[in-house]
Amino acid sequence: MNTTQVNAELEEKMVNDEFQSLVDAYLATKHRKKVDIITKAFNFAKHAHKGVRRLSGEPYIMHPLAVAKIVCCEIGLGSTSICSALLHDVVEDTEYTVEDIENMFGPKIAQIVDGLTKISGGIFGDHASAQAENFKKLLLTMSDDIRVILIKIADRLHNMRTLGSQAVNKQYKIAGETLYLYAPLANRLGLNTIKTELEDLSFKFEHPEEYQAISQKLEATKDERDTVFDKFVAPIRAELDSLGIYYEIKQRVKSPYSIWHKMQTKHIPFEEIYDILAVRVIFEPEEIDTELNDCFNIYVKLSKIYTSHPDRTRDWVSHPKANGYQALHVTLMSKQGEWIEVQIRSRRMDDIAEKGFAAHWKYKDGEKTENASEIELDKWLATIKEILDDPQPDAMDFLDTIKLNLFASEIFVFTPKGELRTMPAGSTTLDFAFSIHTFVGSHCIGAKVNHKLVPINHKLNSGDQVEILTSKSVRPTREWLNIATTAKATTKILSILRKEEREARKTGEALLEEFFQKNDIVKDTLAIDKLCGIHNMAKADLLYVAIAEGKVVLGRGDIDALKEKTEVNGWKKLFSFGKKTKKQDKKKGKETVGPDFDKKKLLSLTEESVQNKYILCDYCKPIPGDTVMGYIDDDRHIVIHKLQCPTAERLKANRGNRVLGAKWEMNRTMLFPVTIYVKGFDKLGLLHKMTQVISHLFGINIRKLEVECDDGIFECTIQMFVHDTKEVDEIINSLREIPDVKEATRI
């Protein structure tokens, strides 16, 4: 037997073993045992993908098998979803059609596979408009059958687990869109474990050094955490034993991504993250009806041992989150003087928290159930449908509008009749008005919150009772977009404004037509452009609206200007053609890329290329040592961004096909601007000590220094030029060693 045959047999065994592992996992669930149809789907997919390999070199069928296993074991779905996962790439990658799938496996599996095919290849294309259309398809399909998006998330999870075989620019694109949309989408559907893994994997590929550093620190502090955990839970176990319930107590350690994100947002080092450890108490209630009482009984027992923090108790048992999450969170002071969060939940609540209640939803094999969480999911899907019914022309705005709802945590507010409504945190009275009805929102003049009169921009808090006040004379304005925070309100306001602006444009265009005819002026593009220049309007549509609203009144000056000969000097004066903007100056002399440019190749950032080829982002100001990426902008120039730059985060997700991998190869001859923020106690000579460190110890020239002192607290921002991040870190560490400096960080 030759080597090829041996390898083929080994591969065949590997594939069959993986399938058997899937079957065994499925048989261990509570679902009806439909092994025959799963076997049929596996054999069909195996035949369809025969001879095809992934970039990693393994047979392609290993990917659908892995996705099916995630769907079964990590999300908890049944045979219909497992079959759909096995078949999810068949229609896209082979000659088989949706009709073939329907003939062999029935309409339900065919519908799900069709939904997955429509949103295949990632949600994002080269152009934002195409990408937005695909994302709309995803959301529309999701609202028809939630299993489509659950399988898509499982597909993304496996792609992230095997991302190492992709080129660096592809890694940035896929990790970027995962962090931008898939992780919050998984969170919104209650898939907490998957959400955490998606975040960590994205973090690992985007910032490998930081990921490694945090992972090593977590490992190094494990024994210390274990000791704190054991001491903390010992008296808890004794108290819970007296209740006579079955329970288990677990550690919950904050994920590397969550730690890094907190370090970035709070500008603090790893050592100052105090909530790395949390404790989970998971119990088995005697009956489903006693769950709520059992949670509070356990809380009472815990509060006899430890003092609870009055402002850090969260009751998500009585009022579950919109994604189905239920638990009672309390923060207790340990005997060692540390605040430790304890999460109290039943086994059912824990399953839903980790796998998502969507798995227990309407499509679960067996009886259909309906509870408050499922009703909330229905409401969320209905909101998405409303947004999709009124699509915005700008794709970026569309995605950001959806993300408003994906990321939001919830508050609970009441109508005047006592009806409970869930709203995103940060919602205003205007958002609440639009949540009731578009008519109520569009005529909202204010509200009574807890019987007190408040304006439309008043931010609501949990427990508020809200009565909306309306007036027929009130109409939405552009300023309302700065007040609205929810996707629904923003979408509806934009829709109303667009409709009114369309009518105003028609009126303004008719008035301009009349003006041209009356004064015997030829209406053409040049004439309209000239009027736009005279009245400082960026485009004709804005001019039409301004004319309709009376903001632009056409008169003798316009007639004279339009009847003048359009000489070159006149046009230059009107439109300042010769004037270069700052942005244009920055691009002057920089190279542009052609259609044959190799996007897979890593950009080499040398002194020569940084000065002559590439543009450094003005917002994030990357310097050597920062993890960076390149982006091909609309003018075909390459812009270098820090990977965690807010602009870069949007570009990775929305225009990932323009993203490039990049690495620094500098010789420390160039200087780059950087700003450091310092905070401490205002003591005599402190500023002198700081400048001594920067100027004398490191020989660095301070470009700008701003100081503010208030009630004995000193705050300072220092702008300087440095060679790289290593130099910045050395300066920051030296500043932190000054006795009265309590915080030093790069901003």
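These numbers come from a predicted model, not from an experiment.
- Between Glu177 and Arg156 there is a salt bridge, with a side-chain nitrogen of the basic residue lying less than 4.0 Å from a carboxylate oxygen of the acidic one.
- Atom OG1 of residue Thr193 and atom CG of residue Leu157 lie 10.5 Å apart, to the nearest 0.5 angstrom.
- With a 6.0 Å radius and a threshold of 12 heavy atoms from other residues, nucleotides or ligands, Glu271 has its CD atom above the threshold.
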Go through Asp315 and Ser318 one step at a time and tell me if the side chain to side chain donor-acceptor pair (under 3.5 Å) criterion holds. CA-CA 6 Å; Asp315 176 14; Ser318 309; 2.7 Å; yes

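- Looking at residues two or more places apart in sequence or on another chain, you find no ring pair (Phe, Tyr, Trp, His ring centres under 6.0 Å) involving Phe229.
- Here CG of Asp350 is found 10.0 Å from CD of Glu284. Values are rounded to the nearest 0.5 Å.
- Side-chain atoms of Thr227 come within 3.5 Å of backbone N or O of Asp223 as a donor-acceptor pair.
- Here Arg736 contributes atom CZ and Thr745 contributes atom OG1; the two are 6.0 Å apart, rounded to the nearest 0.5 Å.
- The structure places CD1 of Ile273 at 10.0 Å from NZ of Lys217, a figure rounded to the nearest 0.5 Å.
- Within the 4.5 Å cutoff, the side chain of Ile153 has heavy atoms near those of the Ile194 side chain.
- At least one side-chain heavy atom of Leu460 sits under 4.5 Å from a side-chain heavy atom of Thr429.
- Note: Phe296 and Tyr299 have perpendicular aromatic rings, judged against thresholds of 30 and 60 degrees for the angle between ring planes.
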Could you list the donor-acceptor pairs under 3.5 angstrom formed by side chains in residues 449-459, with sequence neighbours left out?
from   : atom 1 : to     : atom 2 : distance (Å)
Asn450 : OD1    : Gln465 : N      : 2.9
Asn450 : ND2    : Asp464 : OD1    : 3.0
Lys459 : NZ     : Gly426 : O      : 3.3

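- For Thr178 (side chain) and Ile174 (main-chain N/O), a donor-acceptor pair under 3.5 Å exists by modelled atom type.
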Does Ile298 form a side chain to side chain contact (heavy atoms under 4.5 Å, CB included) with Phe283? I'd like the steps, not just the answer. CA-CA 10 Å; Ile298 291 170; Phe283 65 92; 3.5 Å; yes

Intermediate values then yes/no, side chain to side chain contact (heavy atoms under 4.5 Å, CB included), Cys72 and Leu22: CA-CA 8 Å; Cys72 174; Leu22 169 64; 4.3 Å; yes

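- Within the structure, side-chain hydrogen bond (donor to acceptor under 3.5 Å, both in side chains) contacts touching residues 248-258 (residues at least two apart or in different chains) are Asp226-Gln251, Glu248-Arg347, Lys254-Asp275, Ser255-Ser258.
- Judged by distance alone, with hydrogens and angles left aside, the side-chain atoms of Asn187 form no donor-acceptor pair with the main-chain N or O of Lys195 at under 3.5 Å.
- Residues Val440 and Phe434 have side chains not in contact (no heavy-atom distance under 4.5 Å, counting atoms from C-beta outward).
- Using the six-membered ring where Trp is involved, Tyr306 and Phe232 have ring planes that are parallel, under 30° apart on the 30 and 60° scheme.
- In plain terms, the two heavy atoms of Met160 and Phe205 that are nearest each other are O-CE1, 3.6 Å.
- For the side-chain contact (heavy atoms from CB on, under 4.5 Å) criterion with Ile344, the lone passing option out of Val279, Leu302, Val317 is Leu302.
- Taking a cutoff of 4.0 Å between a charged side-chain nitrogen and a carboxylate oxygen, Arg161 and Glu197 qualify as a salt bridge.
- Side-chain contact between Arg345 and Leu328 is absent, with no heavy-atom pair separated by less than 4.5 Å.
- The CG atom of Leu163 sits 8.5 Å away from the CG atom of Leu201 when rounded to the nearest 0.5 Å.
- Taken to the nearest 0.5 Å, the CD atom of Glu224 stands 9.5 Å off from the CD1 atom of Ile276.
- Proximity of a side-chain donor or acceptor of Ser334 to a complementary backbone N or O of Glu338 within less than 3.5 Å is detected.
- In this structure, the side chain of Ser346 engages the main chain of Met349 through a donor-acceptor pair within 3.5 Å.
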Are Val466 and Phe414 close enough, and set up right, to give a side chain to side chain contact (heavy atoms under 4.5 Å, CB included), and what steps lead you there? CA-CA 6 Å; Val466 187; Phe414 296 90; over 6 Å; no

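- The distance between the ring centers of Trp260 and Phe203 falls below 6.0 angstrom.
- For the pair Thr490 (side chain) and Thr486 (backbone), a donor-acceptor distance under 3.5 Å is present.
- Look at Glu206 and Lys652 and you find a salt bridge, because one of the NZ, NE, NH1 or NH2 atoms lies within 4.0 Å of a carboxylate O, short of that distance.
- Every residue two or more places apart in sequence or in another chain that forms a ring pair (Phe, Tyr, Trp, His ring centres under 6.0 Å) with His319 is listed here: Phe412.
- Thr162 places a side-chain N or O within donor-acceptor distance of the main-chain N or O of His158, the cut-off being under 3.5 Å.
- Between Glu341 and Arg312 there is no salt bridge, since no side-chain nitrogen of the basic residue lies less than 4.0 Å from a carboxylate oxygen of the acidic one.
- Within a 6.0 Å radius of NE2 in His329, more than 12 heavy atoms belonging to other residues, nucleotides or ligands are found.
- In this structure, Arg225 contributes its side chain and Leu218 its backbone to a donor-acceptor pair below 3.5 Å.
- Annotation for Ile493 and Leu481: closest pair CG2-CD2, 3.7 Å, computed over non-hydrogen atoms.
- Under the rule for a side chain to side chain contact (heavy atoms under 4.5 Å, CB included), the partners of Ser242 that lie at least two apart in sequence or sit in another chain are Glu239, Lys301.
- Counting non-hydrogen atoms of other residues, nucleotides and ligands closer than 6.0 Å to CD of Gln336 gives a total above 12.
- Under a 4.0 Å N-O distance rule, the pair Arg348/Asp351 does not qualify as a salt bridge.
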Working note: Glu708 + Cys716, criterion side chain to side chain contact (heavy atoms under 4.5 Å, CB included); need CA distance, chi angles, decisive distance, verdict. CA-CA 6 Å; Glu708 192 174 316; Cys716 173; over 6 Å; no

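- A donor-acceptor distance shorter than 3.5 angstrom exists from the side chain of Asn733 to the backbone of Asp729, with no hydrogens or angles considered.
- Atom NZ of Lys642 sits in a crowded spot, with more than 12 heavy atoms from other residues, nucleotides or ligands closer than 6.0 Å.
- Remark: Tyr247 engages no residue in a ring pair (Phe, Tyr, Trp, His ring centres under 6.0 Å) (not counting sequence neighbours).
- Distance alone, capped at 3.5 Å, is enough to place a donor-acceptor pair between the Thr428 side chain and the Asp431 backbone.
- Salt-bridge annotation for Glu354 and Arg280: present, with a side-chain N of the basic residue lying under 4.0 Å from a carboxylate O of the acidic one.
- In terms of heavy atoms, Ser435 sits closest to Arg421 at O-NH1, 3.4 Å.
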